[in-house]
Trainee: 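Starting off with a structure, shown below.
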Amino acid sequence: MKTEKIGIVGSGLIGRAWSMLFASVGYKVMLYDILPEQLTSALEYVDLELHRLQQQGLLRGHLSAEQQFQCIKTTTDMQEMTMGALFIQECIPERIEWKKSLYQQLDDILEEQTIVSSSTSTFMPSLFSHGLKHRHNILVSHPLNPPYYIPLVEIVPAPWTSPKAIEFTKQLMLEIKQKPVTLKREVLGFATNRIQYAILNEIWHLVDKDILTVADIDAVMTQGLGLRYALLGPLETAHLNADGIADYVQRFGDEIHKVSETYDPIPRMESGSTLDKIAQQCEEMVPKPELSARRKERDEFLIKLGALKKDFEK
């Protein structure tokens, strides 16, 4: 086990997942929350989850479930959490006023070596680090849900984040076996959501115009594009579908442009007939009482898919 300390702010599902990831390689993890009962619940969850993963042969790292669990401690004292911390991962709810308040509190007690990283999927790091004396050590490490099974982490620097903090965060993510991608500068939505939202925008129009049902749209991804994208990204897919990417663009560039010109303006996703239609069909696919069971199936699939992908990794 390691002697270095990692702080986690927020004991919800994302905070619990990060705690398990850092404990998997033996870091001393200090999980902080303002509510003692939240911490008690988090520890119970992590203990059960680590032992479940061990029983199924899916536990990360070389330490046993009990050894990993022993790496995780809790506190309601923010200063205790920050003291001596090498790295802090913030996982509080997506409320910008809460984040600004938290980072201001942290700024008053942080030690110079401590890097602070946010799990936010919504806010650019400049929004909550502007004007802070430790702003050079603040950035975003955005995981995808569930982080224990989906390894991608988007590292997003603010304009003033130091190269040292960026590189340290990247190496830390690699150490815990996540797959970091580093944005060269912050952009609204980062990378994953910008791509995801472009897909959702077109899906909205296809349902609104009664061109496809929700089930058929999902089949386009799960039985078509998604099968390729689980191994190959869209650019490598295009590269393989022709004699290289340059040949692909020469062959299909005009068609891509013509189709793209037919796209409708960005829709306003809000309450109304289109949302009612989508919600009804999603409810038919997975009724709300079955959401928890379906999430469990998703996680089990991701575990098996991750194991399969390892056989094909370069």
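Here the structure is a predicted model, which means the values were calculated and not measured. Counting begins at 1 with the first residue of the sequence.
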Trainee: Looking at Thr3 and Lys28, what are the two nearest heavy atoms and their distance?
Mentor: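 Minimum heavy-atom separation between Thr3 and Lys28: O-CD, 3.3 Å.
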Trainee: Carefully, step by step, assess Trp18 and Val29 under the rule side chain to side chain contact (heavy atoms under 4.5 Å, CB included).
Mentor: CA-CA 9 Å; Trp18 277 118; Val29 177; over 6 Å; no
Trainee: Check whether any side-chain heavy atom of Ile109 sits under 4.5 Å from a side-chain heavy atom of Gln105, and report yes or no.
Mentor: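 No - every pair of side-chain heavy atoms lies 4.5 Å or more apart.
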Trainee: Say you draw a straight line from CG of Leu102 to NZ of Lys100; how long is it, rounded to the nearest 0.5 Å?
Mentor: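 One gets 13.5 Å once the value is rounded to the nearest 0.5 Å.
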Trainee: Kindly check if the number of other-residue, nucleotide or ligand heavy atoms within 6.0 Å of CD1 (Ile266) is above 12?
Mentor: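 At most 12 heavy atoms, drawn from other residues, nucleotides or ligands, come within 6.0 Å of this atom.
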Trainee: Supply the atom-to-atom distance Ile6 CD1 to Ser117 OG, rounded to the nearest 0.5 angstrom.
Mentor: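 Those atoms lie 10.5 Å apart.
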Trainee: Could you check whether any side-chain heavy atom of Pro151 comes within less than 4.5 Å of a side-chain heavy atom of Gln178, counting everything from C-beta outward?
Mentor: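 Pro151 vs Gln178: side chains touch.
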Trainee: Are any side-chain N or O atoms of Gln68 and backbone N or O atoms of Arg60, one a donor and one an acceptor, separated by less than 3.5 Å?
Mentor: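 Answer holds: yes.
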Trainee: Measure the CZ-OG distance between Arg16 and Ser11 for me, rounded to the nearest 0.5 Å.
Mentor: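 Output value for this atom pair is 6.0 Å.
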Trainee: Counting N and O atoms only, with roles assigned by atom type, does the side chain of Glu94 sit under 3.5 Å from a partner on the main chain of Ser121, one being a donor and the other an acceptor?
Mentor: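 Judged by distance alone, yes, a pair lies under 3.5 Å.
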Trainee: For atom CD of Gln250, is the number of surrounding heavy atoms from other residues, nucleotides or ligands below 6.0 Å larger than 12?
Mentor: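 Open.
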Trainee: Please list all pairs passing the ring pair (Phe, Tyr, Trp, His ring centres under 6.0 Å) test where one or both residues lie in residues 193-228, with sequence neighbours left out.
Mentor: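 As it turns out, there is no ring pair (Phe, Tyr, Trp, His ring centres under 6.0 Å) pair with a partner in residues 193-228 once direct neighbours are skipped.
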Trainee: Check whether any side-chain heavy atom of Met269 lies under 4.5 Å from a side-chain heavy atom of Asn201, and answer yes or no.
Mentor: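 Sidechains of Asn201 and Met269: in contact.
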Trainee: Donor-acceptor pair, distance only, cut-off 3.5 Å: does the side chain of Asn137 make one with the backbone of Ala165?
Mentor: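 No, Asn137 side chain to Ala165 backbone: no donor-acceptor pair under 3.5 Å.
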Trainee: Working to the nearest 0.5 angstrom, can you tell me the gap between Leu212 CG and Ile203 CD1?
Mentor: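 The CD1 atom of Ile203 is 9.5 Å from CG of Leu212, to the nearest 0.5 Å.
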Trainee: For a side chain to side chain contact (heavy atoms under 4.5 Å, CB included) check, start with the C-alpha distance between Glu112 and His136, then their side-chain angles and the critical distance, and finish with the verdict.
Mentor: CA-CA 10 Å; Glu112 186 55 38; His136 59 285; 2.9 Å; yes
Trainee: Treat each ILVMFWY residue as a node, draw an edge where side-chain heavy atoms are under 4.5 Å apart, and state whether Val9 and Leu43 are in one component.
Mentor: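 Result: no, two separate clusters.
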Trainee: Give me each pair satisfying salt bridge (charged side-chain N to carboxylate O under 4.0 Å, His left out) with a member in residues 249-260, each pair once, sequence neighbours excluded.
Mentor: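 Checked against salt bridge (charged side-chain N to carboxylate O under 4.0 Å, His left out) - neighbours excluded - the pairs reaching residues 249-260 are Asp247-Arg251.
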Trainee: Can you list every pair that meets salt bridge (charged side-chain N to carboxylate O under 4.0 Å, His left out) and has a residue in residues 301-311, with sequence neighbours left out?
Mentor: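 Every pair satisfying salt bridge (charged side-chain N to carboxylate O under 4.0 Å, His left out) with a residue in residues 301-311: there are none.
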Trainee: So which pairs with a foot in residues 168-186 pass salt bridge (charged side-chain N to carboxylate O under 4.0 Å, His left out), sequence neighbours left out?
Mentor: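 Sorted pair list: Lys2-Glu175.
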Trainee: Tell me which pairs pass ring pair (Phe, Tyr, Trp, His ring centres under 6.0 Å) where either residue lies in residues 247-296, with sequence neighbours left out.
Mentor: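 Ring pair (Phe, Tyr, Trp, His ring centres under 6.0 Å) check on residues 247-296 returns Tyr248-Phe252.
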Trainee: Is any side-chain heavy atom of Glu111 less than 4.5 Å from a side-chain heavy atom of Thr82?
Mentor: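 With C-beta onward as the side chain, the pair stays apart.
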Trainee: Assess whether side chain to side chain contact (heavy atoms under 4.5 Å, CB included) is satisfied between Asp264 and Lys209, documenting all intermediate values.
Mentor: CA-CA 11 Å; Asp264 290 309; Lys209 295 179 177 180; 2.3 Å; yes
Trainee: Do Val153 and Ile176 sit in one hydrophobic cluster, given that two such residues count as connected whenever their side-chain heavy atoms are within less than 4.5 Å of each other, even indirectly?
Mentor: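 Yes: a chain of side-chain contacts under 4.5 Å links Val153 to Ile176.
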Trainee: Are side-chain heavy atoms of Tyr103 and Leu127 found at a separation under 4.5 Å?
Mentor: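 Contact flag for Tyr103/Leu127 side chains = no.
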Trainee: Using 0.5 Å steps for rounding, measure from the CD1 atom of Ile155 to the CE atom of Met173.
Mentor: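 It comes to 6.0 Å.
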Trainee: Is there side-chain contact between Ile88 and Tyr32, with at least one heavy-atom pair below 4.5 Å?
Mentor: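 Heavy-atom side-chain distance check fails, nothing below 4.5 Å.
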Trainee: Listing request: all side-chain hydrogen bond (donor to acceptor under 3.5 Å, both in side chains) pairs with a residue in residues 217-234, at least two apart in sequence or in separate chains.
Mentor: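 Sorted pair list comes back empty.
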Trainee: Give a yes or no on whether the backbone of Ala85 and the side-chain of Thr114 come within a donor-acceptor separation of less than 3.5 Å.
Mentor: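 At least one qualifying donor-acceptor pair exists.
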Trainee: Does Leu174 reach the side chain of Gln171, with side-chain heavy atoms less than 4.5 Å apart?
Mentor: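 Side-chain contact under 4.5 Å: yes.
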Trainee: Would you say Ser101's side chain and Glu97's backbone share a donor-acceptor pair under 3.5 angstrom?
Mentor: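 Absent.
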Trainee: Under 3.5 Å, side chain of Asn193 to main-chain N/O of Thr122, donor-acceptor pair present?
Mentor: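 No.
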Trainee: Per the ring pair (Phe, Tyr, Trp, His ring centres under 6.0 Å) rule, what does the pair list look like for residues 139-159, sequence neighbours excluded?
Mentor: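 Output for this query lists His142-Phe190.
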Trainee: So, does Ser41 use its side chain to make a donor-acceptor pair with the main chain of Gln38 at under 3.5 Å?
Mentor: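 Absent.
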Trainee: Just jot down the side-chain contact (heavy atoms from CB on, under 4.5 Å) partners of Gln56, sequence neighbours excluded, or say none.
Mentor: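 In terms of side-chain contact (heavy atoms from CB on, under 4.5 Å), with neighbours along the sequence ignored, Gln56 is linked to Arg52, Leu58.
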Trainee: Once you round to the nearest 0.5 Å, how far does NZ of Lys164 lie from OG1 of Thr169?
Mentor: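 Here the rounded value is 11.5 Å.
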Trainee: Can you tell me if Gln89 and Ser119 form a side-chain donor-acceptor pair at under 3.5 Å?
Mentor: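 Indeed, the side chains of Gln89 and Ser119 share at least one donor-acceptor pair under 3.5 Å.
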Trainee: Among pairs that include at least one residue of residues 66-87, which meet salt bridge (charged side-chain N to carboxylate O under 4.0 Å, His left out), considering only residues two or more places apart or in two chains?
Mentor: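 Those involving residues 66-87 do not exist here.
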Trainee: Among residues at least two apart in sequence or on other chains, which ones pass side-chain contact (heavy atoms from CB on, under 4.5 Å) with Trp160?
Mentor: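 Here the qualifying residues are Ser126, Ser129, His130, Arg135, Ala158.
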Trainee: For a quick test of reading the model, state the closest non-hydrogen atom pair linking Ala191 to Leu183 and the distance between them.
Mentor: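 Scanning both residues, the minimum pair turns out to be N-CD2, 4.2 Å.
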Trainee: Can you get from Phe87 to Ile92 by hopping between Ile, Leu, Val, Met, Phe, Trp and Tyr side chains that sit under 4.5 Å apart?
Mentor: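 Different clusters.
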Trainee: Donor-acceptor pairs under 3.5 angstrom involving side-chain atoms of residues 237-244: please list them, not counting sequence neighbours.
Mentor:
residue, atom, partner, partner atom, Å
Thr237, OG1, Gly233, O, 2.9
His239, ND1, Ile245, N, 2.8
Asn241, ND2, Thr237, O, 3.4

Trainee: Has Ser19 got a side-chain atom pairing as donor or acceptor with Gly15's backbone, closer than 3.5 angstrom?
Mentor: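 Yes; at least one donor-acceptor contact below 3.5 Å.
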Trainee: Same cluster or not: are Tyr27 and Leu59 linked, directly or through other Ile, Leu, Val, Met, Phe, Trp or Tyr residues, by side-chain heavy atoms under 4.5 angstrom apart?
Mentor: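 Yes; tracing contacts between hydrophobic side chains, which count when under 4.5 Å, links both residues.
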Trainee: Just wondering, are more than 12 heavy atoms of other shown residues or ligands nearer than 6.0 Å to CD1 in Ile34?
Mentor: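 Count not over threshold, so no.
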Trainee: When you look at Ser118 and Phe123, which way does the side chain to side chain contact (heavy atoms under 4.5 Å, CB included) test go after all the steps?
Mentor: CA-CA 9 Å; Ser118 176; Phe123 303 118; over 6 Å; no
Trainee: Any chance the side chains of His62 and Gln67 put a donor and an acceptor closer than 3.5 Å?
Mentor: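 The answer is no; no qualifying pair exists.
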Trainee: For residues 284-303, run the donor-acceptor check on the side chains, cut-off 3.5 Å, and write out each pair with its distance to 0.1 Å, sequence neighbours left out.
Mentor:
residue, atom, partner, partner atom, Å
Glu284, OE2, Gln280, NE2, 3.4
Arg294, NH1, Glu297, OE1, 2.9

Trainee: With the side chain counted from C-beta on, respond yes when Pro147 and Ile14 share a heavy-atom pair under 4.5 Å apart, and no when they do not.
Mentor: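 Heavy-atom side-chain distance check passes, below 4.5 Å.
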Trainee: Would you say the side-chain atoms of Thr161 pair up with the backbone N or O of Ile138, donor to acceptor, closer than 3.5 Å?
Mentor: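 Yes.
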Trainee: Given 3.5 Å as the limit, does a donor-acceptor pair link the side chain of His134 with the main chain of Asp107, or not?
Mentor: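 Yes; at least one donor-acceptor contact below 3.5 Å.
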Trainee: Do Met81 and Leu110 land in one hydrophobic cluster if side-chain heavy atoms of ILVMFWY residues count as linked below 4.5 Å?
Mentor: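 Both belong to a single hydrophobic cluster.
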